[in-house]
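Written below as C-alpha cells is the structure these notes are about.
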Amino acid sequence: MLHLESLKDLRATRSTWVNNGASIAFVPTMGNLHQGHLRLVEHARSLADKVIVSIYVNPMQFGANEDLDNYPRTLAADMAKLKAAGADAVFTPTTEMVYPRGLSEQTFVEVPHISNELCGASRPGHFRGVATIVCKLFNMVQPDHAVFGKKDYQQLLVIRLMTEDLSLPIQIHGVATERASDGLALSSRNGYLNEAQRLQAAQIYTVMRSTEQALQQQNIATVSDIKKIEQESQQKLKAAGFTPDYVSIRRQQDLALATIGDNELVILIAAYLGKTRLIDNLEVNL
Ligand code: PAF
C-alpha cells in the first residue's frame, strides 16, 4: 500500500494507474478508522481496480465550539487497518496543502437549503465545510467512484447534490451503516462515551426501531400523525437519558418532510448523551 503525502505524488500515481487502464474508487475519511470505514473500503474494492483512501481532519467542517484539536488522530493504526483491508493508496494531505491561504480566504462550495436543516441547523457551516473538502478531494483524486457511509445520511445527500450540481463525473455510492451487536451505529464519536453511556447509547437504535414499528403499524392519515410519532420518539429518547436535538421523519430521496403518500422514508435522529452528539438513521419502506 502506498502512502501519498503530496499532491504531486498523488497525481503521478493516479496518472500511472489510469494510463494503464485502471478505474479508481475513492473513500474520503477523517481517520480514527473502525469497521464501518473498512466496509467502505471493501465496497470500493468491488467497484474499481484501485482504491485510494484519504485521511484528513478537515478544520472547515468543525464549529468554533467543536473540539478540532482533540479529534482522535491515529494514523499508524489506521494505515495498518487500511493495508489489511486491501487499500492501494492512502493520501494524507496537510492543512497547508489543502487551505494554503487559510480558511477565511478559501473559495467554498455550499449546497443550499439542505445544508441548513437537521444537523446543519445545529452545526452552522458544517456542510459547507464538508462540501468544500469533498469537492477539493474529488479534484485531487479524480476518482470514477466515491464511497460514503449512510450513517451520515444528510452528508451523503449533500455530496450527491454537490456532485450533480457541479457536473462532476463521479458516481457516488452509499453503504449501509455498520452496527455493534446491541445496534449502536459504529462511529468515531462512540470513543467519547464512558462505559455507562456506551450501554445507554444503544437505546437510539431501540427508539428508531419503535419509530419504524409505529410508522408501519399505525394508521397515518395526516401529517400530524407523523409529527405525533416524532414527538413520542423524542419523549422515549428523553426517558432513556438523552437530550434530543431532533427526531425527523423524511423522504429518503431528498430529505423533504415526509407527507401522506410517501413510502420511502428515513427516520433521522440526533441526540446528546452528556456532551457527545450522536446521530443515526433508519430507512423505512412502507
Ligand atoms: O464523513 C467524514 O468522515 C467526513 O465528513 C468527510 C466526508 C471525510 C469529509 O471530511
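All ligand and atom numbering here is 1-based and tracks the order in the structure.
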Which of the ligand 1 atoms, numbered from 1, are nearer than 4.0 Å to a heavy atom of Ile133: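 Those qualifying, in numeric order: 9 (C), 10 (O).
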Atom indices of ligand 1 within 4.0 angstrom of Gln61 heavy atoms, with elements: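 Counting from 1, the qualifying ligand atoms are 4 (C), 5 (O), 9 (C), 10 (O).
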Distance flag, aromatic centroids of Phe62 and Tyr71, threshold under 6.0 Å: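 Close enough - the centres of the two rings lie under 6.0 Å apart.
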Protein residue, atom and distance nearest to atom 5 (O) of ligand 1, heavy-atom basis: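 Residue, atom and distance for the closest contact: Gln155 OE1, 2.7 Å.
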Heavy atom of the protein closest to atom 3 (O) of ligand 1 (residue, atom name, distance):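 Closest protein heavy atom to atom 3 (O) of ligand 1: Met30 CG, 3.7 Å.
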Arg45/Glu42 ion pair, N-O < 4.0 Å: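 Here Arg45 does not pair with Glu42 in a salt bridge, since their nearest N and O are not under 4.0 Å apart.
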Lys/Arg-Asp/Glu bridge criterion (N-O < 4.0 Å) met for Arg160, Asp165: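 Salt bridge between Arg160 and Asp165, a charged N being under 4.0 Å from a carboxylate O: no.
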Ring geometry between Phe148 and Phe138 (parallel below 30°, tilted from 30 to 60°, perpendicular above 60°):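 Phe138 and Phe148: perpendicular rings.
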Gln197 side chain vs Asn194 backbone, donor-acceptor pair below 3.5 Å: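 Yes.
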Part of Thr29 within contact of ligand 1 (heavy atoms, under 4.0 Å):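 Thr29 to ligand 1: backbone contact only, side chain stays beyond 4.0 Å.
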